[in-house]
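Inspection log for the structure reproduced underneath, given as C-alpha cells.
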Amino acid sequence: MKLFAENIDGIMVISSLPKVLDASNAMEFKESISRIIEQSSQAVFDMSAVQFIDSAGCGSLITTLRRIKETGGTLKLCDVRKQVRSVLELVRMHKIIDIYNTREEALRSFSVEP
Amino acid sequence: MSNKAENHYKKTTEIFPNDEKTPATILVVDDSRVVRTYLQSHLQKEGYQVIEAKDGKEAIELLSDDIGIILLDLWMPEMDGMSCLRYIRENFPDIPTIMITVSNEVSNAVEAMKYGAFDYVTKPFNPSELLALVQQAIRTRIQAKRLRRVEAELIKSREHEITTASRIQQTLLLGGRPKNLKGMKIGDLTIASKKIDGDFYDFFMINDTCLDVIVGDVMGKGIPAALMGAAAKQHFMGALFRMARISEAEEFPSPEEIVSEVHEEMIGRMNELETFFTLCYARFDSSRKLVSYVDCGHMRTIHYHSDTSTCTLLQGVDMPLGFPGQKGFRQILAPFTDGDLFFFYSDGLTEAKNPKCEFYGEKRLTDFVQGHAFLEPQDLCRAVWKDIVEFSQTESFSDDFTCVAVKIEMPEPEERYNQEWKLEVPSDLGELGRVRSLIRDMCKGLGSNLVDDERIKMIQIVATEIMTNIIKHAYQGKPGETIAIEGKTSRDEIVLFFYDWGIEFDFASAPKPIFDGSREDGFGLHIIAHTADYVRYSRDSSGKNCACVTFFLQRRG
C-alpha cells in the first residue's frame, strides 16, 4: 500500500488513504503507516477518500493511535464520511481520537494547544 | 524398652487407633543444653519420643502435626518463647504448649497462658508434677485429634447426603424443557449454592400454542428449601390437573386462578413452617401474542422487545406466597411480538457480588440481556452465567443461580420472500469487496425508496464482520474453505444467511469490546449486534454453522 504524507509545519498529513479499510488490508495499512509516523509524532489522517471501514479498519487506527501516543504525539482525523463516522462512533472511537470537519480545523487545533 | 515404657507405648497406640504407631512426640525448646538433656532423658524414660530445639527459630522449623505437645522456654536468645507461642497458636492451634519459666518470673508465664499456652512449669522441675502436666496435655491433644476426625467424617457424610439430594432435585424438581414448541424456544440454567436449593421452575404445555412457565424461589437454602420447592411444584401440578378437569368444556383456568388455588392449599402449612416463596407464573399464548402473568414478589422478569431493541421489566403487585392476609391474585397482561425474549431469574443473579462487594444488579443484567438477546435462549443463559462469573470472579455463589429464557421465534422466512439470492465464496479476506458489491446490487434491486445508501453501507459492514469472523475464527485463516451466502428479500426486510463448516462459534468465550483504546480487536460482534435488527447463530447436527441477520426495511411498531 502506497501512502503519501505531506509535512505541514512539522505535522504529517496523510490524505492518500485507501477507499476501503477492512480486514483484507488492515494489516498492510498498519505496516505502511508505521513507516510514516516514525518521521513525526503529530499526524492528521485526511479520511475523505475512505468510503468503507470495518472493525479491523477501526482496529488499525487504534493501533496507530497507540504507537503515536507512545512517542508523545497526537493523531487526529478530519473529513470523515458520514457512514465511516457512524462506524467509528459505534465503537466509540470519537471518544479517544479527535475528529475534525476539515483539514484546516485539524491543523489549527495543533497551534491552539500548548 | 523398659516395662514401664512398653506399657505407655501400648497406651498411646490404643488412644491413637488410626494414625499413631509411635509413642507421642514431645518437642522441647530451651536454649540451655542442660535443661534439654534433663527433660529428654526424663521424658524418654516415661516412653515419650523427644525432639529438641535450642530456640524459637529452630522450633518453628521442626513444627508439624506429628508433634504431640511442646515444652517451651520463655527466655531464649533467637526468637523468644512468647513470639514462638504466637506462631504455634496461629499455625498449629491444636498442639498444647507448656511454658517453662523460672520460679521468680511466673507472671510472664501467666501472661503466656492468656495467649493460649496450655500451662506452665517452673524451674527447677518437680519430676512428678512435670509428668502429670505432660500426660494431661497429651490427653487434650488426643481429644482434639479425635474431634477433628469426627468433624471431618461428619462433613463427609453430610456432603454425601447433599449430593444425593442434589441429584434427586436435578431429576425431579426442575422441570424438563418442553421440546417441539411451536413458535417458542426455551433455555434454562440452574446452579445451586449449597448443591441443593430452593429455586424451582417448571413448564406446562397447555395446548399447541400455550405454554405456562413457573419460576419460584423458596426462602432459605439446603434440603428444607428444596423440599418446600418440591411441595410447591406438586401443588401446582395437582391444581392444574384438577382445575382442568372441572372446567373441561370451558376455558382453561387462568394463571391467577391457579395461583389462588395453590395458595389456598398451602398457606396453612406454610404458616406453620414459617416459610414463604416468591413466584412468577406466566402463560405465553403465541396465537394471541400475549403473556399473562402473576408475579408474587419475584425478581422482575426482563422483557426484550425485538422491534425497538429495548427492555422493559415485568412487575406484579402480589406478595410472596405464604404471607398471611393475601386475598386474590392479580393477573397482568403484556403483548409481545416475534423475536421478543423473556428472561426469568432468581436473586442469585442480581445479588452476586464482586470482590469490591458491589452487586451485579438488575441494571447490569438487563443491559447484558439486551445486548445478547440475539443468542439462542440456552446460549443466552450460559452467557449470562459466564458474565456473572467474570464479574464476581468466582464460580461459587452465595445464593442459588437460576434463570429461564423464553424466546418468541420469528416465523419461518420461506413463505414470505419474493426474491432469493445465493452465492458461494472461498474463505479469503480478498472476497470481502466482492460480497459487498453483490449485496449492494441486491439492495439496489429493491428500490431506493426501501433501502438507501446509508442502510446499504450498514448491511455491508455486518456482512463484512460476519465473513471476517468465519474466515478468521471458524476456519482459523485456512484458505479455500467454502462460505455459502443466501439473501432473501421482501418489502419488509432483508435476511442474510452465512453458512460455514468450520469450528462452532462460542459466543460466551468471545472477547468483550473494550472502548478505551487499549484493544484493537473485539469490535466485530458489537458492530453486528448494534447494526442488524435481529441476529441468530446456530449449528445443525451435520456441523453446518449459520449466522442469520435480519434488517427491517420499515420499522414495525
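Order of the sequence lines fixes the chain letters, A, B, ..., with proteins taken first and strands second; residue numbering starts at 1 for each chain.
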Query - Arg436(B) portion near chain A, given a 4.5 angstrom heavy-atom threshold - result: side chain
Query - pair Ser86(A)-Met458(B): side-chain heavy atoms closer than 4.5 Å - result: yes
Report summary line: Okay, Ile97(A) and chain B: the region with an atom under 4.5 Å from a heavy atom over there is neither
Report task. Taking all non-hydrogen atoms of both residues into account, name the closest pair between Ser55(A) and Ile527(B) and its distance. Result -> CB-CD1, 3.7 Å
**Report entry** Member of Ile62(A), Asp54(A), Val87(A) meeting the side-chain contact (heavy atoms from CB on, under 4.5 Å) criterion with Phe523(B)
**Finding:** Ile62(A)
Query - Per-residue contact mode, Gln460(B) against chain A (heavy atom under 4.5 angstrom) - result: both
Report summary line: Separation between OG1 (Thr64(A)) and CD (Glu520(B)), nearest 0.5 Å, reads 8.5 Å
Query - Contacts with chain A made by residues 359-370 of chain B (heavy-atom distance under 4.5 Å), listed by residue number - result: none
**Report entry** Side chain, backbone, both or neither of Leu90(A) within contact of chain B (heavy atoms, under 4.5 Å)
**Finding:** both
Requested in this report: Below 4.5 Å from any heavy atom of chain B, which atoms of Lys69(A) appear? Answer side chain, backbone, both or neither.
Outcome: neither
Query raised in the report: Which bit of Lys19(A) comes within less than 4.5 Å of chain B, counting heavy atoms only: side chain, backbone, both or neither?
Result: neither
Requested in this report: Any chance you could measure Ile461(B), atom CD1, to Asp22(A), atom CG, to the nearest 0.5 Å?
Outcome: 9.5 Å
**Report entry** Closest heavy-atom pair and its distance - Thr468(B), Ala23(A)
**Finding:** CG2-CB, 3.4 Å
Report summary line: Scanning both residues in full, the closest heavy-atom pair of Gln83(A) with Glu454(B) reads NE2-CA, 3.5 Å
Query - Asp9(A) atom CG, over 12 foreign heavy atoms within 6.0 Å - result: no
Query raised in the report: Atom NZ of Lys457(B) and atom CZ of Arg81(A): how far apart are they, to the nearest 0.5 Å?
Result: 7.0 Å
**Report entry** Distance in Å, Thr464(B) OG1 paired with Ile53(A) CD1, rounded so as to fall on 0.5 Å steps
**Finding:** 11.5 Å
**Report entry** ring-ring contact (aromatic ring centres under 6.0 Å, His included) partners for Phe374(B), two or more places apart
**Finding:** Phe507(B), Tyr537(B)
Query raised in the report: By a 4.5 Å heavy-atom criterion (distance strictly below it), what part of Asp428(B) contacts chain A: side chain, backbone, both, or neither?
Result: neither
Query raised in the report: Any donor and acceptor pair, going by atom type alone, linking the side chain of His530(B) with main-chain N or O of Val91(A) inside 3.5 Å?
Result: no
